J.: 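Handing you this structure, nothing more for now.
On a predicted model such as this, the values are computed, not experimentally measured, just so you know. Basis for what follows: all heavy atoms, side chains included, without hydrogens, waters or symmetry-related copies. Atoms within each ligand, like the ligands themselves, are counted from 1 in listed order.
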Amino acid sequence: MLIKIPRGWERPDSDATSEPLFLSRRNLVKGLGAGSIMAAISPLIAGCDESPAIVTRKPPEPDPSAPLYPVERNLRYTLDRPITSERLVTTYNNYYEFGSSKSIWDKAQALPLRPWTLKLDGMVETPIEIGIDDLLQKMPLDERLYRHRCVEAWSMDVPWSGFPLKALVDFAKPLSSARYLTFRSFENKDVAPGQKSSWYPWPYTEGLTIEEATNELAYIATGAYGKPLPKQNGTPLRLTLPWKYGFKSSKGIVHIEFTDKRPVTFWEAIQSREYGFWANVNPEVSHPRWSQATERVLGMDERVPTRLYNGYAEFVADLYSGMDTKRLFI
Ligand SMILES: Nc1nc2c(c(=O)[nH]1)N[C@H]1C(S)=C(S)[C@@H](COP(=O)(O)O)O[C@H]1N2
Ligand SMILES: [Mo]
C-alpha cells in the first residue's frame, strides 16, 4: 500500500531544508554558544514575566549524566572535513516523534530525561531491565568523530560520546540463535505530538544483523560536543551507524530485542520501495526520487561527492561480501 506522507524528510534535501524556519531560529539564538541555548533561555524565561505563554514553561531539567563528560577521544576515527557547528547539529533535526519539520529542538525539550529504562530481551540468556545511569556506569565511554549522511542528501560531522554497540550486545548475552537486533524508541503521546498521528507505525523501529551490531563502527551515542546528548539528538541512547543512511540511527531507544526474524523497520513499513532494511550509503544507487551522488554538508556552501559506505568501506564492506544486491543500498 502506498501511504502518502504530506511533509518532511521524504523529499530531496534541495526542497526539504526548512531553511526559512531554520534562519528564524538562528536569529532567535544569535550570539549564544549553541551548547548554551537552553542554559541561556532559562534566565530569559525567569526575567520575562509579562509573557504568560513563556512563564508557564518549565526550566530545563539538569542531566544527571553530565559529570561523565567529556570523555577521551578515540583517535582511530578521523574526519576529512571540519566538525559541524554545535548550533547547526542541535537545531536542524529529524525526530518525527516531535513533528516532521527540521525545527523540533524546542518541542523535544518536553521529553523527560528520567526515569529512563532500557529493556534487553528476546533471544538472550536472561532478560534485563536497566536504568540509564546504571548502564552508563558499565559501558566503556569514548568520544568519536563520525560523519552522518541523511538519506535526504545532507550530512554533518559530529563529535559523539558514547560506547560501542558491541559492549551492549556482550552485556545482553544473546543466544547463538539470535540473528538480528530490533531497536524500539520511546512511546509517549503526552510529550511527543507526532505520535498522535496514528498512521505512522509507532514506535520508531530499526534493526541490524548481529554482525552489523558487533562491527566496531556501530556505536550508541549518549553525548555530543563533550556533554550529554541533547534531547533533540536522541538522548539518552541514540544509535550511530555512520556507514548507513541516517534513518537507521534510532533516537530515544528504550528496548532492544534479539530475534531470529528480520524486523520490519519504521520507514520500511511506510514505504519499503524507498527505505529498506539495509540502507547502506552508496552514491551510485539513487533514491527512487533523487540522486545520492552528492550531499550538502551542514554549514558548507558547496555540495560534496558522497562516498560508498559514507567513506567507511574499510570497516564494513566485508559485512556484505557475497550479498551483491541493490537492496543493500536502499
Ligand atoms: N526515534 C527517531 N529516531 C530517528 C529519527 C526519528 O524521526 N525518530 N530520524 C532519523 C533520521 S532520518 C536522521 S537523519 C537522524 C537525525 O539525527 P539528528 O537530528 O541528530 O541530526 O535521526 C534518525 N533517528
Ligand atoms: Mo535522515
J.: Go through ligand 1 atom by atom and flag the ones less than 4.0 Å from a non-hydrogen atom of N233.
T.: 18 (P), 20 (O)

J.: Can you name the nearest heavy-atom pair linking F258 to V124, along with the distance?
T.: CD1-CG1, 3.4 Å

J.: Tell me which one of I104, V151, N94 gets a heavy atom nearest to atom 16 (C) of ligand 1.
T.: N94

J.: Please list, in number order, the atoms of ligand 1 under 4.0 Å from a heavy atom of M156.
T.: 21 (O)

J.: Is there a polar contact, in the sense of an N or O pair closer than 3.5 Å, between W160 and ligand 1?
T.: no

J.: May I ask you to say whether E143 pairs ionically with R73, meaning some side-chain N is under 4.0 Å from a carboxylate O?
T.: yes

J.: Do Q292 and T306 meet the criterion of a side-chain donor-acceptor pair at a distance under 3.5 Å?
T.: no

J.: Taking only heavy atoms of S250 into account, list the atoms of ligand 1 that are under 4.0 Å away from them.
T.: 3 (N), 24 (N)

J.: Are a donor atom and an acceptor atom from the side chains of Y225 and T90 found within less than 3.5 Å of each other?
T.: no

J.: Mark up the atoms of ligand 1 that fall under 4.0 Å of a heavy atom belonging to C150, in ascending order.
T.: 14 (S)

J.: One residue to check: F247. Relative to ligand 1, which of side chain, backbone, both or neither has a non-hydrogen atom less than 4.0 Å away?
T.: both

J.: Only one of Y245, Y275, Y204, Y96 passes side chain to side chain donor-acceptor pair (under 3.5 Å) with W267; say which it is.
T.: Y204

J.: If you measure every N/O of S249 against every N/O of ligand 1, is any gap under 3.5 Å?
T.: yes

J.: Distance under 4.0 Å to a non-hydrogen atom of N93: what atoms of ligand 1 satisfy this?
T.: 18 (P), 19 (O), 20 (O)

J.: Would you check the N or O atoms of W154, main chain and side chain alike, for any that come under 3.5 Å of an N or O of ligand 1?
T.: no

J.: What's the separation between atom CH2 in W105 and atom CZ in F98, rounded to the nearest 0.5 Å?
T.: 13.5 Å

J.: For the residue pair N94 and K102, confirm or rule out a side-chain donor-acceptor distance under 3.5 Å.
T.: yes

